[in-house]
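Input: a single structure, listed below in structure tokens.
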Amino acid sequence: MKTLTNIELAQLLRKMAASYQMLGENRFKIIAYERAADSIEHLTSEAKDYWDDGKLGDIPSVGAGIAYYLDELFRSGHARHFDDVMKRIPEAVFPLLLIPGIGPKKAYRLVKEFGFGSSKTVVSELEAAARDGKIASMEGFGDKSEDVILSSIALYKKGAIKENRMELPLADTIAQDVMTYLMKLKEVEAIDVLGSLRRHVATIGDIDIAAATKKPELVIAHFVQYPHEKLIDEGPRGASILLHSGRQVDLRVSDPRSYGAMLQYFTGSKNHNIKLRSYALEQGLSLSEHGIKYMGKIQNSKLKGQNYNAKLKTYQFDTEESFYKAIGLPWIAPELREDKGEIDFALRGSLPNLVELSDIRGDLHIHTNYDLSSSHDLGADPLTVYLDRAMELGYAYIGISDHNPSVTKHSVSQIVDIMKRRKGYYEHQYSSWTQKVSKNKSTDRHPELFIMCEVDIQPDGALALPEKAFDYVDAVVVSIHSSFTQSKDVMTKRVITALIAHPKVRIFGHPTGRLLTKREGVEIDWNEIFTVCKDRNIALEINAHPQRLDLPDTIVYDARKEGIRFCINTDSHAVSQMDMMRYGVSVARRGWCQKDDIINSLEYTEFRKWLKRS
DNA sequence: GCCGTTTTCGGCCCGACTGTTTTCAGTCG
């Protein structure tokens, strides 16, 4: 039987939710399935592992009912109840759910009406029906809905499907461009990104931007002049455009007096907001993007002094801080707003003091253009260029972690020789560089250098660097670069073998090996890895490379609870990539890391002690 | 169907927008 991944389970549960919606089931049952899907999708370990331990019911939002069906699914590959429900739904409805503006009810009606049979052809068949004017005559539909379906399909074909996400740095770059453009207007009093982008999630759907202004019409008119492919929507509160890149940007404007409430509302996450509103409701407070309505009879003292909008019967908040304060909470950093208990921590006043980019003192995973005959990519720039940049960044140290020399092309003694020559070369380069900077600059402070190596973990767990070559490095990062699809048991043993192979193994590089939107991470028993890392005092890397962001934040969160420490590195293959450090810091923050959890926040002397185990 | 520092029953976050309608259903974030 094929093992079901969390993503596949989540998709299955969402299909169940959609099916129930089409069948007119109780709406709370639908919500329950959606919540279970969300919960499983955000799980840090596989649901299958919960099942192995007989603990499916421990998964939040999975109760006795769904646990029973999932159990059957894991045992036999089928859940009769799921099959029975979905048997009543034509398969052709499901692709339609990915088209903007089409939900379960509409999809179901359209498929029933026209008898679309195949999920492969349904989108083009629907397009043809709309072209022929066959939709406008359906009850509940009209000319306008027909147009909307046509333009939605066009969007869908351009890639604007509901699940098409982009990597964080790309979204960040696009958003910065648009915000720079918007800020040219002096009427824009404040501007921020919203949603998953503000929470620094690894992949982003739409780009949402908030602006505070007393002249909304002016700001919106300016926004829709930004170069775009298509104006999707324009109204009094904002507008949406589709860029030439196929990416959607939404602008929302708000009066400065209620900007804080709007910012809070649209930053999400959905689950954070749901939890927050439930909590507020217990105090008789109803939250919305406009502010807070008081439902109780006795005056609530926390709302005193807030601006009151009589028309909306709502108290307004210009900042998020004042909004949270009115519910009795301190401000919660956006990265924490994922319903992982942050509201309880906020209540107890024990939110983590999150690590900042400025806490980072060095970057330990950098590839130079020194050719040591590796089977992997070299970097693009020489050591001295990285050193210059490290100095500008104010780093106390950097580590050069080139890939090990190819083990298939060289003998052991050749590899040892290559590593020895490399060490000599770097030491010489570094020494002349330090002399140069001491002469030119007023300060004698400059980054220290660690000569390291990124060593392949071979399929059997052996390190791709012979014992004698370790004499020529300060420490190594070990990483998986091949055989990603080994079974969980084999992979776990493989990595543990590598981690304990040599005392100079200090960092486990991009541990899951995932490539965002391209390749899933490896299957591995994280608890066993955590145990070994803790015993051997090895750091897990948080790789800041835009395509990796690896470890994923959810696993960082779990590892941190076990007392594991992390090293945030850029894995730079060119000097410009050293600036990606901030994305790694975002991952750490989403994993609730404080400065102490990050090994490369240590100053040089302390870090050196850690790295060299002395 | 899930869930519980007052509850094992009776609740379940909130509002905007749209289109097709005279009060609402569907979709979205």
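Worth saying up front: this structure is predicted, and the values here are computed from it rather than measured. Order of the sequence lines fixes the chain letters, A, B, ..., with proteins taken first and strands second; residue numbering starts at 1 for each chain.
Rounded to whole Å, the distance from NZ on K275(A) to P on dC12(B) is 16 Å. One atom, CD1 of I31(A), and another, C1' of dG11(B), lie 12 Å apart when rounded to the nearest Å. For the pair E289(A) CD and dC17(B) C1', the interatomic distance rounds to 11 Å; values are reported in whole Å. For the pair D233(A) CG and dC28(B) P, the interatomic distance rounds to 13 Å; values are reported in whole Å. As a whole-Å value, the separation of R27(A) CZ from dG10(B) C1' is 14 Å. In this structure, Y265(A) atom OH and dC17(B) atom C1' are separated by 12 Å, rounded to whole Å.
For the pair K293(A) and dG15(B), the criterion of a side-chain N or O lying under 4.0 Å from OP1 or OP2 is met. Phosphate proximity of dC17(B) to R237(A): present, with a side-chain N or O under 4.0 Å from OP1 or OP2. Contact between the side-chain N/O atoms of Y69(A) and the OP1/OP2 oxygens of dG1(B) is found at a separation under 4.0 Å. Distances shown here put every side-chain N or O of K106(A) at or beyond 4.0 Å from the OP1 or OP2 atom of dG26(B). For S61(A) and dG1(B), the shortest distance from a side-chain N or O to OP1 or OP2 is not below 4.0 Å.
Summarising the base pairing, dG11(B) is matched to dC2(B) through a Watson-Crick or G-U wobble pair whose two defining distances lie under 3.5 Å.
Comparing the C1' positions of dT8(B) and dC2(B) gives an interatomic distance of 12 Å, to the nearest angstrom.
Backbone-only contact: A64(A) has heavy atoms under 4.0 Å from sugar-phosphate atoms and none from a base. I30(A) comes within 4.0 angstrom of nothing in the nucleic acid, heavy atoms only.
Ion pairing between a basic and an acidic side chain is recognised when a charged N comes within 4.0 Å of a carboxylate O; R257(A) and E189(A) show no such pairing. Using a 4.0 Å cut-off between charged nitrogen and carboxylate oxygen, E342(A) and R337(A) do not count as a salt-bridge pair. A salt bridge links E335(A) to R589(A): at least one charged side-chain nitrogen sits closer than 4.0 Å to a carboxylate oxygen.
Heavy-atom neighbours of N353(A) CG from other residues, nucleotides or ligands within 6.0 Å: at or below the threshold of 12.
E139(A) approaches R109(A) most closely through the heavy-atom pair O-NH1, 2.7 Å.
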